[in-house]
4 protein chains.
Amino acid sequence: MEFRETLPIYLQIAEYVCEKILSKEWKADFRIPSVRELAISLEVNPNTVMRTYEFLQQKEILFNQRGVGLFVSSDAYKNALAYLKDKFMDREMPIFFRTMNMLGLEIEDLDIFYKKYNRNSSSGSKQ
Amino acid sequence: MEFRETLPIYLQIAEYVCEKILSKEWKADFRIPSVRELAISLEVNPNTVMRTYEFLQQKEILFNQRGVGLFVSSDAYKNALAYLKDKFMDREMPIFFRTMNMLGLEIEDLDIFYKKYNRNSSSGSKQ
Amino acid sequence: MEFRETLPIYLQIAEYVCEKILSKEWKADFRIPSVRELAISLEVNPNTVMRTYEFLQQKEILFNQRGVGLFVSSDAYKNALAYLKDKFMDREMPIFFRTMNMLGLEIEDLDIFYKKYNRNSSSGSKQ
Amino acid sequence: MEFRETLPIYLQIAEYVCEKILSKEWKADFRIPSVRELAISLEVNPNTVMRTYEFLQQKEILFNQRGVGLFVSSDAYKNALAYLKDKFMDREMPIFFRTMNMLGLEIEDLDIFYKKYNRNSSSGSKQ
DNA sequence: GTGGTCTAGACCACC
DNA sequence: GTGGTCTAGACCACA
(Lines give C-alpha, C1' and ligand atoms only; values in the text may rest on other atoms or scores of the structure.)
Protein backbone atom coordinates (compact mmCIF):
# COMPACT_ATOMS: atom_id res chain seq x y z
CA MET A 1 0.00 0.00 0.00
CA GLU A 2 1.15 3.50 -0.78
CA PHE A 3 0.70 6.31 1.67
CA ARG A 4 0.10 9.98 1.33
CA GLU A 5 2.56 12.25 3.06
CA THR A 6 -0.06 14.50 4.55
CA LEU A 7 -1.51 12.12 7.09
CA PRO A 8 0.23 9.80 9.56
CA ILE A 9 0.38 6.26 8.25
CA TYR A 10 -1.47 4.83 11.22
CA LEU A 11 -4.45 7.06 10.46
CA GLN A 12 -4.38 6.13 6.81
CA ILE A 13 -4.55 2.51 7.88
CA ALA A 14 -7.48 3.45 10.10
CA GLU A 15 -9.23 4.84 7.06
CA TYR A 16 -8.40 1.67 5.19
CA VAL A 17 -10.11 -0.36 7.91
CA CYS A 18 -13.10 1.98 7.96
CA GLU A 19 -13.43 1.58 4.22
CA LYS A 20 -13.61 -2.19 4.61
CA ILE A 21 -16.31 -1.77 7.21
CA LEU A 22 -18.35 0.81 5.32
CA SER A 23 -18.20 -1.29 2.18
CA LYS A 24 -19.53 -4.21 4.25
CA GLU A 25 -16.52 -6.25 3.27
CA TRP A 26 -15.84 -6.62 6.99
CA LYS A 27 -19.01 -7.03 9.00
CA ALA A 28 -19.74 -7.14 12.71
CA ASP A 29 -17.83 -9.89 14.55
CA PHE A 30 -15.50 -10.38 11.62
CA ARG A 31 -12.03 -11.22 12.84
CA ILE A 32 -9.68 -8.74 11.26
CA PRO A 33 -6.10 -9.55 10.21
CA SER A 34 -3.67 -9.83 13.10
CA VAL A 35 -1.27 -7.01 13.79
CA ARG A 36 1.58 -8.97 12.28
CA GLU A 37 -0.33 -10.08 9.20
CA LEU A 38 -1.48 -6.61 8.29
CA ALA A 39 1.94 -5.15 9.03
CA ILE A 40 3.50 -7.54 6.55
CA SER A 41 0.88 -7.07 3.87
CA LEU A 42 1.03 -3.26 4.11
CA GLU A 43 4.80 -3.27 4.55
CA VAL A 44 4.84 -1.24 7.73
CA ASN A 45 6.09 -1.86 11.23
CA PRO A 46 3.79 -3.90 13.50
CA ASN A 47 3.84 -1.03 15.99
CA THR A 48 2.24 1.19 13.40
CA VAL A 49 -0.62 -1.25 12.84
CA MET A 50 -0.87 -1.67 16.58
CA ARG A 51 -1.39 2.03 16.91
CA THR A 52 -4.16 1.95 14.34
CA TYR A 53 -5.90 -0.88 16.12
CA GLU A 54 -5.58 0.87 19.46
CA PHE A 55 -7.09 3.99 17.94
CA LEU A 56 -10.00 2.06 16.49
CA GLN A 57 -10.68 0.22 19.70
CA GLN A 58 -10.91 3.51 21.47
CA LYS A 59 -13.43 4.62 18.85
CA GLU A 60 -15.36 1.40 19.52
CA ILE A 61 -14.97 0.28 15.95
CA LEU A 62 -12.92 -2.76 16.94
CA PHE A 63 -12.88 -4.85 20.08
CA ASN A 64 -10.38 -7.24 21.50
CA GLN A 65 -10.97 -10.82 22.52
CA ARG A 66 -8.03 -11.53 24.72
CA GLY A 67 -5.48 -13.90 23.29
CA VAL A 68 -7.67 -14.50 20.24
CA GLY A 69 -7.60 -11.39 18.11
CA LEU A 70 -9.40 -8.21 17.18
CA PHE A 71 -12.95 -8.15 15.88
CA VAL A 72 -15.28 -5.71 14.18
CA SER A 73 -17.62 -4.37 16.84
CA SER A 74 -21.37 -4.44 16.45
CA ASP A 75 -21.50 -0.63 16.26
CA ALA A 76 -18.57 -0.49 13.90
CA TYR A 77 -20.52 0.75 10.90
CA LYS A 78 -22.14 3.53 12.86
CA ASN A 79 -18.93 4.55 14.58
CA ALA A 80 -16.78 4.38 11.48
CA LEU A 81 -19.27 6.57 9.67
CA ALA A 82 -19.33 9.03 12.54
CA TYR A 83 -15.55 9.14 12.68
CA LEU A 84 -15.15 9.86 8.99
CA LYS A 85 -18.00 12.30 9.00
CA ASP A 86 -16.61 14.31 11.91
CA LYS A 87 -13.24 14.41 10.30
CA PHE A 88 -14.82 15.57 7.08
CA MET A 89 -17.00 18.25 8.59
CA ASP A 90 -14.54 19.68 11.07
CA ARG A 91 -11.32 19.41 9.21
CA GLU A 92 -11.58 18.87 5.49
CA MET A 93 -14.63 20.88 4.55
CA PRO A 94 -13.60 24.24 6.02
CA ILE A 95 -10.18 24.09 4.41
CA PHE A 96 -11.70 23.02 1.14
CA PHE A 97 -14.35 25.69 1.00
CA ARG A 98 -11.95 28.35 2.14
CA THR A 99 -9.64 27.64 -0.76
CA MET A 100 -12.60 27.46 -3.13
CA ASN A 101 -13.66 30.91 -2.02
CA MET A 102 -10.23 32.35 -2.51
CA LEU A 103 -10.04 30.80 -5.95
CA GLY A 104 -13.47 32.11 -6.78
CA LEU A 105 -14.81 28.63 -7.46
CA GLU A 106 -18.44 27.64 -7.10
CA ILE A 107 -19.97 24.28 -6.31
CA GLU A 108 -20.89 23.85 -9.95
CA ASP A 109 -17.23 23.99 -10.92
CA LEU A 110 -16.56 20.87 -8.87
CA ASP A 111 -18.58 18.59 -11.10
CA ILE A 112 -15.94 18.33 -13.75
CA PHE A 113 -13.18 17.71 -11.19
CA TYR A 114 -15.22 15.11 -9.42
CA LYS A 115 -15.82 13.16 -12.59
CA LYS A 116 -12.16 13.35 -13.51
CA TYR A 117 -11.21 12.19 -10.03
CA ASN A 118 -13.45 9.16 -10.18
CA ARG A 119 -11.96 8.17 -13.53
CA ASN A 120 -8.41 8.35 -12.22
CA SER A 121 -9.01 6.38 -9.08
CA SER A 122 -11.41 3.74 -10.28
CA SER A 123 -9.28 1.12 -8.47
CA GLY A 124 -9.85 3.12 -5.28
CA SER A 125 -11.41 0.62 -2.94
CA LYS A 126 -9.46 -2.55 -3.57
CA GLN A 127 -5.74 -2.56 -3.03
CA MET B 1 -6.48 35.36 15.01
CA GLU B 2 -7.51 31.80 15.77
CA PHE B 3 -5.93 28.92 13.99
CA ARG B 4 -7.16 25.56 12.88
CA GLU B 5 -5.28 22.58 14.21
CA THR B 6 -5.03 20.84 10.90
CA LEU B 7 -2.64 23.18 9.15
CA PRO B 8 0.68 24.63 10.33
CA ILE B 9 0.20 28.12 11.61
CA TYR B 10 2.75 29.61 9.25
CA LEU B 11 0.76 28.28 6.28
CA GLN B 12 -2.45 29.68 7.66
CA ILE B 13 -0.75 33.03 7.84
CA ALA B 14 0.38 32.52 4.26
CA GLU B 15 -3.24 32.02 3.30
CA TYR B 16 -4.12 35.18 5.19
CA VAL B 17 -1.59 37.10 3.12
CA CYS B 18 -2.77 35.52 -0.12
CA GLU B 19 -6.29 36.55 0.72
CA LYS B 20 -5.18 40.15 1.09
CA ILE B 21 -3.51 39.95 -2.28
CA LEU B 22 -6.31 38.21 -4.11
CA SER B 23 -8.84 40.63 -2.70
CA LYS B 24 -6.62 43.45 -4.04
CA GLU B 25 -6.37 44.89 -0.57
CA TRP B 26 -2.61 44.55 -0.93
CA LYS B 27 -1.45 45.39 -4.45
CA ALA B 28 1.91 45.13 -6.18
CA ASP B 29 4.69 47.07 -4.41
CA PHE B 30 2.60 47.44 -1.29
CA ARG B 31 4.85 47.32 1.75
CA ILE B 32 3.51 44.63 4.03
CA PRO B 33 3.61 44.74 7.84
CA SER B 34 6.94 43.93 9.46
CA VAL B 35 7.47 40.55 11.06
CA ARG B 36 7.07 42.07 14.51
CA GLU B 37 3.94 44.02 13.69
CA LEU B 38 2.15 41.05 12.20
CA ALA B 39 3.34 38.74 14.96
CA ILE B 40 1.86 41.03 17.56
CA SER B 41 -1.41 41.58 15.75
CA LEU B 42 -1.89 37.85 15.13
CA GLU B 43 -0.55 36.86 18.57
CA VAL B 44 2.00 34.39 17.31
CA ASN B 45 5.72 33.92 17.64
CA PRO B 46 7.75 36.22 15.34
CA ASN B 47 9.63 33.15 14.11
CA THR B 48 6.37 31.84 12.75
CA VAL B 49 5.68 34.99 10.75
CA MET B 50 9.27 34.94 9.59
CA ARG B 51 8.73 31.49 8.21
CA THR B 52 5.60 32.61 6.40
CA TYR B 53 7.44 35.47 4.76
CA GLU B 54 10.30 33.20 3.72
CA PHE B 55 7.82 30.79 2.25
CA LEU B 56 6.07 33.51 0.27
CA GLN B 57 9.34 34.95 -0.99
CA GLN B 58 10.26 31.54 -2.27
CA LYS B 59 6.92 31.45 -4.09
CA GLU B 60 7.73 34.90 -5.52
CA ILE B 61 4.68 36.40 -3.95
CA LEU B 62 6.73 38.72 -1.76
CA PHE B 63 10.15 40.22 -2.31
CA ASN B 64 12.66 41.65 0.09
CA GLN B 65 14.27 45.06 -0.27
CA ARG B 66 17.16 44.80 2.11
CA GLY B 67 17.04 47.17 5.01
CA VAL B 68 13.70 48.54 3.91
CA GLY B 69 11.12 45.81 4.22
CA LEU B 70 9.03 43.24 2.37
CA PHE B 71 6.86 44.12 -0.58
CA VAL B 72 4.17 42.53 -2.67
CA SER B 73 5.79 41.37 -5.89
CA SER B 74 4.49 42.37 -9.30
CA ASP B 75 3.50 38.76 -10.04
CA ALA B 76 1.97 38.31 -6.62
CA TYR B 77 -1.60 37.92 -7.82
CA LYS B 78 -0.71 35.34 -10.42
CA ASN B 79 1.58 33.42 -8.10
CA ALA B 80 -0.79 33.47 -5.16
CA LEU B 81 -3.52 32.11 -7.37
CA ALA B 82 -1.20 29.41 -8.71
CA TYR B 83 -0.12 28.43 -5.21
CA LEU B 84 -3.67 28.06 -3.97
CA LYS B 85 -4.71 26.23 -7.09
CA ASP B 86 -1.89 23.70 -6.87
CA LYS B 87 -2.63 23.09 -3.24
CA PHE B 88 -6.27 22.62 -4.07
CA MET B 89 -5.80 20.29 -6.99
CA ASP B 90 -2.99 18.15 -5.67
CA ARG B 91 -3.81 17.87 -2.02
CA GLU B 92 -7.21 19.01 -0.94
CA MET B 93 -9.38 17.74 -3.75
CA PRO B 94 -8.20 14.12 -3.74
CA ILE B 95 -8.61 13.83 0.02
CA PHE B 96 -11.94 15.56 -0.13
CA PHE B 97 -13.39 13.40 -2.86
CA ARG B 98 -11.98 10.26 -1.34
CA THR B 99 -13.81 10.93 1.90
CA MET B 100 -16.94 11.85 -0.02
CA ASN B 101 -16.84 8.48 -1.71
CA MET B 102 -16.44 6.66 1.57
CA LEU B 103 -19.34 8.57 3.06
CA GLY B 104 -21.43 8.02 -0.03
CA LEU B 105 -21.89 11.74 -0.59
CA GLU B 106 -22.54 13.37 -3.94
CA ILE B 107 -21.73 16.86 -5.12
CA GLU B 108 -25.36 17.83 -4.65
CA ASP B 109 -25.10 17.07 -0.96
CA LEU B 110 -22.45 19.72 -0.59
CA ASP B 111 -24.70 22.60 -1.54
CA ILE B 112 -26.29 22.97 1.81
CA PHE B 113 -22.96 22.80 3.64
CA TYR B 114 -21.41 25.28 1.30
CA LYS B 115 -24.12 27.79 1.93
CA LYS B 116 -23.91 27.27 5.66
CA TYR B 117 -20.16 27.67 5.57
CA ASN B 118 -20.38 30.95 3.68
CA ARG B 119 -22.87 32.29 6.18
CA ASN B 120 -20.64 31.49 9.15
CA SER B 121 -17.43 32.92 7.78
CA SER B 122 -18.62 35.80 5.66
CA SER B 123 -16.01 38.27 6.91
CA GLY B 124 -13.03 35.96 7.12
CA SER B 125 -11.01 37.83 9.72
CA LYS B 126 -12.14 37.05 13.25
CA GLN B 127 -14.14 33.97 13.98
CA MET C 1 -19.64 -16.78 32.97
CA GLU C 2 -18.67 -13.23 32.22
CA PHE C 3 -15.23 -11.94 32.97
CA ARG C 4 -13.87 -8.62 34.02
CA GLU C 5 -11.25 -7.10 31.77
CA THR C 6 -8.91 -6.19 34.56
CA LEU C 7 -7.83 -9.65 35.57
CA PRO C 8 -6.60 -12.58 33.47
CA ILE C 9 -9.38 -15.05 32.91
CA TYR C 10 -7.47 -17.95 34.35
CA LEU C 11 -7.13 -16.06 37.64
CA GLN C 12 -10.82 -15.25 37.68
CA ILE C 13 -11.48 -18.94 37.31
CA ALA C 14 -9.06 -19.56 40.17
CA GLU C 15 -11.13 -17.23 42.29
CA TYR C 16 -14.23 -19.11 41.23
CA VAL C 17 -12.68 -22.35 42.47
CA CYS C 18 -11.52 -20.73 45.70
CA GLU C 19 -15.01 -19.50 46.30
CA LYS C 20 -16.34 -23.04 46.00
CA ILE C 21 -13.76 -24.19 48.50
CA LEU C 22 -14.21 -21.39 51.00
CA SER C 23 -17.97 -21.80 50.87
CA LYS C 24 -17.42 -25.50 51.67
CA GLU C 25 -19.29 -26.45 48.53
CA TRP C 26 -16.15 -28.31 47.48
CA LYS C 27 -14.48 -30.01 50.43
CA ALA C 28 -11.20 -31.91 50.80
CA ASP C 29 -10.87 -34.84 48.40
CA PHE C 30 -13.77 -33.63 46.30
CA ARG C 31 -13.13 -34.45 42.67
CA ILE C 32 -13.43 -31.25 40.73
CA PRO C 33 -14.80 -30.97 37.17
CA SER C 34 -12.44 -31.99 34.39
CA VAL C 35 -10.73 -29.36 32.29
CA ARG C 36 -13.11 -29.99 29.43
CA GLU C 37 -16.24 -29.91 31.52
CA LEU C 38 -15.39 -26.65 33.21
CA ALA C 39 -14.19 -25.12 29.94
CA ILE C 40 -17.53 -25.89 28.34
CA SER C 41 -19.61 -24.68 31.24
CA LEU C 42 -17.66 -21.43 31.53
CA GLU C 43 -17.36 -21.00 27.76
CA VAL C 44 -13.61 -20.57 27.71
CA ASN C 45 -10.70 -22.25 26.02
CA PRO C 46 -9.65 -25.52 27.72
CA ASN C 47 -6.08 -24.19 27.82
CA THR C 48 -7.30 -21.44 30.09
CA VAL C 49 -8.85 -23.86 32.57
CA MET C 50 -5.71 -25.95 32.34
CA ARG C 51 -3.71 -22.97 33.39
CA THR C 52 -5.99 -22.33 36.34
CA TYR C 53 -5.63 -25.89 37.54
CA GLU C 54 -1.85 -25.75 37.20
CA PHE C 55 -1.83 -22.54 39.16
CA LEU C 56 -3.95 -24.01 41.94
CA GLN C 57 -1.85 -27.15 42.13
CA GLN C 58 1.19 -25.04 42.58
CA LYS C 59 -0.58 -23.28 45.45
CA GLU C 60 -1.41 -26.74 46.88
CA ILE C 61 -5.09 -26.06 46.71
CA LEU C 62 -5.64 -28.88 44.24
CA PHE C 63 -3.72 -32.08 43.69
CA ASN C 64 -3.54 -34.41 40.76
CA GLN C 65 -4.13 -38.15 40.90
CA ARG C 66 -2.69 -39.27 37.62
CA GLY C 67 -5.15 -40.82 35.26
CA VAL C 68 -8.02 -40.18 37.63
CA GLY C 69 -8.50 -36.44 37.94
CA LEU C 70 -7.94 -33.40 40.08
CA PHE C 71 -9.00 -33.21 43.70
CA VAL C 72 -9.35 -30.65 46.42
CA SER C 73 -6.34 -30.99 48.69
CA SER C 74 -6.63 -31.46 52.43
CA ASP C 75 -5.08 -28.04 53.06
CA ALA C 76 -7.20 -26.41 50.39
CA TYR C 77 -9.23 -24.23 52.72
CA LYS C 78 -6.18 -22.92 54.51
CA ASN C 79 -4.22 -22.36 51.31
CA ALA C 80 -7.07 -20.74 49.43
CA LEU C 81 -7.55 -18.35 52.30
CA ALA C 82 -3.83 -17.60 52.39
CA TYR C 83 -3.74 -17.01 48.65
CA LEU C 84 -6.61 -14.57 48.74
CA LYS C 85 -5.24 -12.85 51.78
CA ASP C 86 -1.80 -12.33 50.26
CA LYS C 87 -3.33 -11.02 47.09
CA PHE C 88 -5.48 -8.68 49.10
CA MET C 89 -2.75 -7.36 51.37
CA ASP C 90 0.06 -7.04 48.86
CA ARG C 91 -1.72 -5.96 45.73
CA GLU C 92 -5.28 -4.86 46.09
CA MET C 93 -5.18 -2.91 49.31
CA PRO C 94 -2.26 -0.63 48.44
CA ILE C 95 -3.74 0.26 45.08
CA PHE C 96 -7.15 0.70 46.59
CA PHE C 97 -6.04 2.97 49.42
CA ARG C 98 -3.77 4.92 47.12
CA THR C 99 -6.67 5.80 44.86
CA MET C 100 -8.84 6.59 47.85
CA ASN C 101 -6.26 9.08 49.01
CA MET C 102 -6.10 10.73 45.62
CA LEU C 103 -9.86 10.98 45.48
CA GLY C 104 -10.02 12.25 49.03
CA LEU C 105 -12.24 9.38 50.15
CA GLU C 106 -12.44 8.05 53.67
CA ILE C 107 -13.39 4.60 54.90
CA GLU C 108 -16.81 5.90 55.87
CA ASP C 109 -17.50 6.81 52.26
CA LEU C 110 -17.16 3.16 51.27
CA ASP C 111 -20.10 1.97 53.30
CA ILE C 112 -22.71 2.94 50.76
CA PHE C 113 -20.79 1.41 47.88
CA TYR C 114 -20.16 -1.76 49.78
CA LYS C 115 -23.84 -2.23 50.49
CA LYS C 116 -24.73 -1.51 46.89
CA TYR C 117 -22.13 -3.96 45.69
CA ASN C 118 -23.44 -6.74 47.90
CA ARG C 119 -26.96 -6.17 46.65
CA ASN C 120 -25.92 -6.44 43.02
CA SER C 121 -23.88 -9.61 43.35
CA SER C 122 -25.66 -11.44 46.10
CA SER C 123 -25.56 -14.85 44.45
CA GLY C 124 -22.08 -14.68 43.01
CA SER C 125 -22.43 -17.30 40.29
CA LYS C 126 -24.16 -15.98 37.19
CA GLN C 127 -24.45 -12.25 36.60
CA MET D 1 10.51 6.57 40.32
CA GLU D 2 9.66 2.98 41.05
CA PHE D 3 6.85 1.23 39.26
CA ARG D 4 4.45 -1.48 40.24
CA GLU D 5 4.36 -4.51 38.01
CA THR D 6 0.62 -4.69 37.85
CA LEU D 7 -0.03 -1.61 35.74
CA PRO D 8 1.69 -0.44 32.55
CA ILE D 9 4.28 2.20 33.28
CA TYR D 10 2.64 4.77 31.05
CA LEU D 11 -0.56 4.55 33.09
CA GLN D 12 1.33 4.83 36.33
CA ILE D 13 2.87 8.01 34.98
CA ALA D 14 -0.64 9.17 34.10
CA GLU D 15 -1.62 8.67 37.71
CA TYR D 16 1.46 10.57 38.75
CA VAL D 17 0.37 13.51 36.62
CA CYS D 18 -3.19 13.31 37.93
CA GLU D 19 -1.87 13.38 41.45
CA LYS D 20 -0.01 16.60 40.72
CA ILE D 21 -3.17 18.09 39.34
CA LEU D 22 -5.47 16.93 42.13
CA SER D 23 -3.04 18.17 44.74
CA LYS D 24 -3.12 21.56 42.96
CA GLU D 25 0.62 21.41 42.54
CA TRP D 26 0.00 21.75 38.81
CA LYS D 27 -2.85 24.12 38.05
CA ALA D 28 -4.67 25.06 34.86
CA ASP D 29 -2.35 26.43 32.17
CA PHE D 30 0.71 25.16 33.99
CA ARG D 31 3.32 24.03 31.52
CA ILE D 32 4.23 20.49 32.41
CA PRO D 33 7.72 19.00 31.97
CA SER D 34 8.62 18.20 28.39
CA VAL D 35 8.57 14.63 27.21
CA ARG D 36 12.33 14.44 27.35
CA GLU D 37 12.65 16.05 30.75
CA LEU D 38 10.16 13.77 32.43
CA ALA D 39 11.60 10.73 30.67
CA ILE D 40 15.01 11.50 32.12
CA SER D 41 13.76 12.28 35.60
CA LEU D 42 11.63 9.12 35.76
CA GLU D 43 14.28 7.06 34.00
CA VAL D 44 12.02 5.74 31.28
CA ASN D 45 12.01 5.95 27.51
CA PRO D 46 10.65 9.17 26.01
CA ASN D 47 8.16 7.11 24.02
CA THR D 48 6.65 5.89 27.26
CA VAL D 49 6.12 9.42 28.53
CA MET D 50 4.82 10.36 25.09
CA ARG D 51 2.23 7.68 25.42
CA THR D 52 1.15 9.00 28.79
CA TYR D 53 0.82 12.51 27.44
CA GLU D 54 -1.15 11.30 24.44
CA PHE D 55 -3.47 9.43 26.76
CA LEU D 56 -4.02 12.48 28.94
CA GLN D 57 -4.63 14.75 25.98
CA GLN D 58 -7.31 12.41 24.82
CA LYS D 59 -8.87 12.61 28.28
CA GLU D 60 -8.70 16.42 27.98
CA ILE D 61 -6.50 16.67 31.01
CA LEU D 62 -3.63 18.12 29.00
CA PHE D 63 -3.53 20.18 25.84
CA ASN D 64 -0.83 20.88 23.34
CA GLN D 65 0.38 24.27 22.21
CA ARG D 66 2.18 23.47 19.01
CA GLY D 67 5.93 23.74 19.16
CA VAL D 68 5.74 25.12 22.68
CA GLY D 69 4.79 22.30 24.99
CA LEU D 70 1.99 20.60 26.87
CA PHE D 71 -0.18 22.41 29.37
CA VAL D 72 -2.68 21.55 32.06
CA SER D 73 -6.14 22.08 30.60
CA SER D 74 -8.75 24.22 32.29
CA ASP D 75 -10.94 21.16 32.95
CA ALA D 76 -7.98 19.12 34.11
CA TYR D 77 -9.05 18.87 37.72
CA LYS D 78 -12.55 17.74 36.82
CA ASN D 79 -11.37 15.29 34.20
CA ALA D 80 -8.56 13.85 36.29
CA LEU D 81 -11.00 13.27 39.09
CA ALA D 82 -13.46 11.63 36.72
CA TYR D 83 -10.76 9.41 35.27
CA LEU D 84 -9.56 8.17 38.63
CA LYS D 85 -13.08 7.80 39.91
CA ASP D 86 -14.20 5.70 36.97
CA LYS D 87 -11.17 3.52 37.28
CA PHE D 88 -11.87 3.12 40.96
CA MET D 89 -15.55 2.33 40.65
CA ASP D 90 -15.40 0.04 37.65
CA ARG D 91 -12.19 -1.77 38.21
CA GLU D 92 -10.74 -1.56 41.68
CA MET D 93 -13.80 -1.59 43.88
CA PRO D 94 -15.47 -4.74 42.54
CA ILE D 95 -12.26 -6.75 42.81
CA PHE D 96 -11.60 -5.38 46.24
CA PHE D 97 -15.03 -6.08 47.64
CA ARG D 98 -15.16 -9.49 46.07
CA THR D 99 -11.99 -10.52 47.86
CA MET D 100 -13.25 -8.97 51.06
CA ASN D 101 -16.37 -11.07 50.85
CA MET D 102 -14.44 -14.23 50.25
CA LEU D 103 -12.20 -13.47 53.19
CA GLY D 104 -15.19 -12.70 55.35
CA LEU D 105 -14.02 -9.16 56.00
CA GLU D 106 -16.30 -6.27 56.83
CA ILE D 107 -15.83 -2.57 56.23
CA GLU D 108 -14.98 -2.09 59.88
CA ASP D 109 -11.99 -4.36 59.49
CA LEU D 110 -10.46 -1.98 56.98
CA ASP D 111 -9.87 0.79 59.50
CA ILE D 112 -6.83 -0.81 60.99
CA PHE D 113 -5.34 -1.58 57.58
CA TYR D 114 -6.01 1.90 56.35
CA LYS D 115 -4.22 3.46 59.29
CA LYS D 116 -1.28 1.13 58.85
CA TYR D 117 -1.16 1.91 55.13
CA ASN D 118 -1.09 5.63 55.71
CA ARG D 119 1.76 5.25 58.17
CA ASN D 120 3.87 3.22 55.75
CA SER D 121 3.41 5.54 52.81
CA SER D 122 3.54 8.91 54.50
CA SER D 123 5.95 10.04 51.75
CA GLY D 124 3.23 9.11 49.24
CA SER D 125 2.60 12.32 47.33
CA LYS D 126 6.06 13.80 46.90
CA GLN D 127 8.64 11.77 45.09
C1' DG E 1 -0.77 -18.11 17.87
C1' DT E 2 -2.69 -13.29 19.82
C1' DG E 3 -2.36 -8.29 21.49
C1' DG E 4 0.41 -5.25 24.30
C1' DT E 5 4.42 -2.82 26.52
C1' DC E 6 8.85 -0.99 26.43
C1' DT E 7 13.39 0.50 24.76
C1' DA E 8 16.54 2.56 21.50
C1' DG E 9 17.24 5.48 18.11
C1' DA E 10 16.19 8.07 13.85
C1' DC E 11 13.78 11.65 11.69
C1' DC E 12 10.31 15.23 11.06
C1' DA E 13 7.71 19.63 11.14
C1' DC E 14 6.82 23.29 13.90
C1' DC E 15 7.53 27.41 17.03
C1' DG F 1 13.74 23.87 21.88
C1' DT F 2 8.84 21.26 21.36
C1' DG F 3 5.66 17.18 20.32
C1' DG F 4 4.97 13.46 17.07
C1' DT F 5 5.74 9.48 13.84
C1' DC F 6 8.03 5.46 12.52
C1' DT F 7 11.16 1.51 12.60
C1' DA F 8 13.50 -2.38 14.68
C1' DG F 9 13.62 -5.55 17.92
C1' DA F 10 12.93 -7.59 22.53
C1' DC F 11 9.91 -9.39 25.85
C1' DC F 12 5.56 -10.52 28.13
C1' DA F 13 1.08 -12.47 29.48
C1' DC F 14 -2.72 -14.63 27.70
C1' DA F 15 -5.68 -18.17 25.14
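Reminder, nothing fancy here: chain letters follow the sequence lines and each chain counts from 1. Any value given below was found using the heavy atoms of this structure, including those in side chains, with hydrogens, waters and symmetry copies removed.
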Whether B/Phe96 and A/Phe96 hold their rings parallel, tilted or perpendicular, with breakpoints at 30° and 60°
parallel
D/Glu43 atom CD is separated from E/dT7 atom C1', nearest whole Å, by 14 Å
Rounded to whole Å, how long is the line connecting atom CD of A/Glu54 with atom P of E/dG4?
7 Å
Test side-chain contact (heavy atoms from CB on, under 4.5 Å) applied to C/Glu54 - qualifying residues, sequence neighbours left out
C/Met50
Round to a whole Å and report the spacing from CG of A/Leu42 to P of F/dT7.
11 Å
Over 12 non-hydrogen atoms of neighbours within 6.0 angstrom of CZ in D/Arg4:
yes
Any strand counts, and the cut-off is 3.5 Å on both contacts for Watson-Crick or G-U wobble. Which nucleotide pairs with F/dA13?
E/dT2
Taking atom P of F/dG1 as reference, at what distance in whole Å does atom CD1 of D/Ile32 sit?
18 Å
Separation of F/dA13 C1' from C/Phe55 CZ (nearest whole Å):
14 Å
Just to be sure I understand the rule, does A/Gln12 reach a base, reach only the sugar-phosphate, or reach nothing, if contact means heavy atoms closer than 4.0 Å?
nothing
Quick one: what's the B/S/- string for nucleotides 10-15 of chain E, heavy-atom cutoff under 4.0 Å, read 5' to 3'?
----BS
Just how far, in rounded Å, is P of E/dT2 from CG of A/Leu38?
12 Å
F/dG4 phosphate, OP1 or OP2, under 4.0 Å from D/Gln57 side-chain N/O
yes
For A/Asn64 and F/dA13, what is the distance between atoms CG and P respectively, to the nearest whole Å?
17 Å
Quick one: does A/Thr48's side chain have a donor or acceptor within less than 3.5 Å of a partner on A/Tyr10's backbone?
no
Measure the distance from CD on D/Gln58 to C1' on F/dG3 and round it to the nearest whole Å.
17 Å
What is the ring orientation for C/Tyr83 with C/Phe55, classed by angle as parallel under 30°, tilted 30 to 60°, or perpendicular over 60°?
perpendicular
What residue among B/Glu15, B/Glu92, B/Gln12 forms side-chain hydrogen bond (donor to acceptor under 3.5 Å, both in side chains) with A/Arg98?
B/Glu15
